[in-house]
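The basis for the numbers below is simple: all heavy atoms, side chains too, and nothing from hydrogens, waters or symmetry mates. Here the structure is a predicted model, which is why all the values come from computation and not from measurement.
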Amino acid sequence: MGFVTNANFIESNTADGLRKCLIDEFSSIYVFHLRGNARTSGELRRKEKDNVFGQGTRTPIAITIFVKNPNATEHGKIYFHDIGDYLSQAQKLEKITELQSINGITAVNGWQTITPDEHNDWLKQRDDSFSEFISVGDKKDKNSIVLFENFTKGLSTAKDAWCYNFSNFSLERNIKATISNYNTELQRLIASNYTGNIDNFLNFDSTKFSWGRPNKQDLCTRQKNILS
């Protein structure tokens, strides 16, 4: 079978499962990579240059031949040919015309044999040395060697709109306002002797205070907030 398709499946991380299936299914796979990926930049974009289908196509293109030989002793033999760098549309089409077929590329010793790695990578095979680095942390394996034994989400105000500001004056004013509004609600709660659902009592005006679970718990235990 022969297909002219988007060439991203050759090296995309998301297509590793597809590549594995192709290796399992076919005895030989011939890929003629025509480049032309317009979703790149800089020097890489200049190397990709024109697409064989013109400026209307931004994806790289590949001609792929899938061979299923019932008498083959090996499966998943991958043969790859890259059309080359910096080629215009006309130059690419001229090369395709010259080579004509699998035999044409074979005649010029143009096929590169690819051996997939354990991740089913064909091109730009990943470097596994990263897996040997010390883990930043591991919640599952308490006996593993890690950089940090404790876990925290860090400083979390849950009220960033109130607690962060470029102006010291504005920040102090906001903090005082939140404390004042909290204490106002506390005094109102104490005066009313309300014992029902606190959500039905509070003033949820977001311009006055942002109520979180800890604040509600503090209110229910009659805990007053002060500015230290």
Side-chain angles (χ1 to χ4, degrees), residues 1-138 140 147:
M1 298 185 299
F3 292 95
V4 179
T5 66
N6 183 325
N8 279 326
F9 79 92
I10 300 171
E11 53 187 314
S12 169
N13 289 337
T14 59
D16 53 351
L18 170 62
R19 291 192 292 270
K20 183 180 186 304
C21 290
L22 293 176
I23 292 170
D24 293 339
E25 186 71 20
F26 297 98
S27 53
S28 300
I29 302 170
Y30 295 85
V31 180
F32 188 3
H33 196 353
L34 306 180
R35 311 284 285 275
N37 187 355
R39 293 187 173 91
T40 54
S41 60
E43 185 62 20
L44 180 57
R45 179 67 189 95
R46 287 187 284 275
K47 286 183 177 182
E48 295 284 321
K49 205 169 182 182
D50 292 350
N51 194 289
V52 290
F53 291 119
Q55 299 302 320
T57 303
R58 296 176 58 80
T59 59
I61 303 298
I63 302 173
T64 310
I65 307 296
F66 300 98
V67 179
K68 182 176 286 191
N69 182 358
N71 299 319
T73 57
E74 293 184 83
H75 266 65
K77 301 288 290 183
I78 304 169
Y79 302 94
F80 179 80
H81 181 70
D82 189 338
I83 198 167
D85 298 333
Y86 308 110
L87 297 180
S88 66
Q89 179 187 21
Q91 290 171 319
K92 289 180 179 181
L93 293 175
E94 183 180 353
K95 270 202 167 189
I96 295 171
T97 302
E98 291 175 355
L99 295 171
Q100 292 188 349
S101 66
I102 290 176
N103 292 335
I105 298 176
T106 303
V108 295
N109 295 318
W111 292 117
Q112 171 191 352
T113 303
I114 294 178
T115 302
D117 63 13
E118 60 180 321
H119 306 291
N120 301 301
D121 293 336
W122 292 2
L123 305 179
K124 299 179 182 177
Q125 296 182 356
R126 69 194 72 179
D127 183 355
D128 279 333
S129 61
F130 180 80
S131 61
E132 300 174 3
F133 293 171
I134 297 176
S135 175
V136 174
D138 193 335
K140 296 180 180 179
L147 292 178

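Counting only heavy atoms from C-beta outward, the side chains of Phe80 and Leu123 approach each other to under 4.5 Å. Side-chain contact between Lys68 and Glu25: present, with at least one pair of heavy atoms (C-beta onward) separated by less than 4.5 Å. Inter-residue side-chain proximity for Gln91 and Tyr86 is flagged as unmet; no heavy-atom pair is nearer than 4.5 Å. Within the 4.5 Å cutoff, the side chain of Pro60 has heavy atoms near those of the Asn8 side chain. Looking at heavy atoms from C-beta onward, Arg58 lies out of side-chain contact with Asn51 at the 4.5 angstrom threshold. Between Glu94 and Leu87 the shortest side-chain heavy-atom distance does not fall below 4.5 Å. Side-chain contact between Thr59 and Arg39 is present, with at least one heavy-atom pair separated by less than 4.5 Å. With a 4.5 Å cut-off on side-chain heavy atoms, Glu11 and Trp122 do not count as touching.
With 3.5 Å as the limit, one finds no donor-acceptor pair spanning the side chains of Ser101 and Asn103.
Counting non-hydrogen atoms of other residues, nucleotides and ligands closer than 6.0 Å to CD1 of Ile134 gives a total of 12 or fewer. Around atom CD of Gln55, no more than 12 heavy atoms belonging to other residues, nucleotides or ligands sit under 6.0 Å away.
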Check: How far apart are the C-alpha atoms of Arg46 and Glu43, what are their side-chain angles, what is the distance that settles it, and do they pass the salt bridge (Lys or Arg N to Asp or Glu O under 4.0 Å) test?
Finding: CA-CA 5 Å; Arg46 287 187 284 275; Glu43 185 62 20; 3.0 Å; yes

Under the side chain to side chain contact (heavy atoms under 4.5 Å, CB included) rule, what do Ile96 and Phe32 come out as? Steps first, then yes or no, please.
-> CA-CA 9 Å; Ile96 295 171; Phe32 188 3; 4.1 Å; yes

Working note: Ile114 + Tyr79, criterion side chain to side chain contact (heavy atoms under 4.5 Å, CB included); need CA distance, chi angles, decisive distance, verdict. CA-CA 6 Å; Ile114 294 178; Tyr79 302 94; over 6 Å; no

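Closest of all the heavy-atom pairs between Asp121 and Arg126 is OD2-NE, 2.6 Å.
With sequence neighbours excluded, no residue forms a side chain to side chain donor-acceptor pair (under 3.5 Å) with Asn69.
For Ser27 (side chain) and Val67 (main-chain N/O), a donor-acceptor pair under 3.5 Å exists by modelled atom type. Under a 3.5 Å cut-off, the side chain of Lys92 and the backbone N or O of Asp50 do form a donor-acceptor pair. Checking side-chain atoms of Gln112 against main-chain N and O of His81 turns up no donor-acceptor pair under 3.5 Å.
Note on ring orientation: taking the six-membered ring where Trp is involved, the planes of Tyr30 and Trp111 are perpendicular (angle over 60°, cut-offs 30° and 60°).
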